[in-house]
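Just so we're clear, the structure is a prediction, and the values are computed from it rather than from any experiment.
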Amino acid sequence: LGPRVRAERPQAGRFRQFHQSGVEAIGAENPWVYVEVITLCLHILRDCGLTDGVVWLSSMGSREDQARSAQQLRARLSKRKAELCKECRARFEKNVFRVLDCKNPTCHAIAWEVKGSPFLLGEASRAHFDEVRRGLTEAGIPFDDTQVFARGLDYYTRTVFEVRAKGLGAQDAVAAGGRYDHLVEEFGGPSVGAVGFAAGIERLLMAIDAHGPAP
């Protein structure tokens, strides 16, 4: 739990300085850790007074899957690269998946003009995603896996999720997270399984206030 500072220009529902509460589950690669993390996330949000949050679930695939997916996405976006915003033209080379998460209406329309997921999942990633969905179903956690989305942060792999709430407009995600098995490795540590999420405190309060006084 703590403050954060956003570098880019804040949009509606986003603040220059904001606060997050989050959870990290380090050291486990089992798909069932998702079930624990997502269930905990929903319990925390509901205890705070958010009762209508909807879990969106998707898969960004493994690093190998993402390499193939990035090549395909760059090939498609290259035809309209000049129409992208300045930030997305830089993202095109560094991390093309960040274009999928851009809030600029023009970039968003270009990035998502092809229906379906931009991620080409291998057999292992599909099996992992199926196991996560089976676990959530058995735990009685409703989710929507028909909404195609992408988390813009570089380190996510395999399943990602968001909890969406009504009353916030376009910025309607109050909590989000997923798997980041390679993040510790990128900072010089070992490759370990990791799943987590973060919830924006100010945005959570806005979502609660949209439906009546907060408890």
Heavy atoms, side chains only, cut-off 4.5 Å: are [X] and [Y] in contact?
X    : Y    : result
L73  : L100 : yes
H128 : Y34  : yes
V184 : P190 : yes
K81  : L77  : no
V163 : C41  : yes
S125 : R158 : yes
L50  : R46  : no
F143 : V132 : no

Checking [X] side chain against [Y] main chain: does a donor-acceptor pair fall under 3.5 Å?
X    : Y    : result
D65  : S62  : yes
T39  : E36  : no
R164 : G53  : no
S69  : L120 : yes
R179 : V195 : no

Considering all heavy atoms of both residues, which atom of A139 and which atom of V35 are nearest to each other, and what is their separation? CB-CG1, 3.7 Å
Apply side chain to side chain contact (heavy atoms under 4.5 Å, CB included) to residues S59 and V160 and explain how you reach the verdict. CA-CA 6 Å; S59 178; V160 292; over 6 Å; no
State whether the number of non-hydrogen atoms from other residues, nucleotides or ligands found under 6.0 Å of E186 atom CD is greater than 12. yes
Residue E123 excluded, over 12 heavy atoms near CD under 6.0 Å: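 Not more than 12 within 6.0 Å, no.
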Taking only distance into account, with no hydrogens and no angle test, what donor-acceptor pairs under 3.5 Å do side-chain atoms of residues 17-25 form with protein atoms, sequence neighbours excluded?
residue: H19; atom: ND1; partner: E202; partner atom: OE2; Å: 2.7
residue: E24; atom: OE1; partner: Y180; partner atom: OH; Å: 2.1

Would you say D181 and T157 are linked by a side-chain donor-acceptor pair, where the criterion is simply a distance under 3.5 Å?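 No, no side-chain donor-acceptor pair sits under 3.5 Å.
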Sole residue of L57, D145, L136 in side chain to side chain contact (heavy atoms under 4.5 Å, CB included) with F161: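 Answer after filtering L57, D145, L136: L57.
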Can you tell me how far apart [atom1] ([X]) and [atom2] ([Y]) are? Round to the nearest 0.5 Å.
X    : Y    : atom1 : atom2 : value
R89  : K86  : CZ    : NZ    : 8.0 Å
T137 : R133 : OG1   : CZ    : 9.0 Å
L121 : S58  : CG    : OG    : 8.0 Å
F197 : L40  : CZ    : CG    : 5.0 Å

Between F119 and F97, does the ring pair (Phe, Tyr, Trp, His ring centres under 6.0 Å) criterion hold? Intermediate values first, please. CA-CA 10 Å; F119 298 103; F97 297 131; 5.0 Å; yes
Y156/H182 under ring pair (Phe, Tyr, Trp, His ring centres under 6.0 Å): CA gap, chis, key distance, verdict: CA-CA 8 Å; Y156 279 119; H182 302 284; over 10 Å; no
Answer yes when E64 and R68 have at least one side-chain N-carboxylate O distance shorter than 4.0 Å, and no when they do not.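 Result for this pair is no, no salt bridge flagged.
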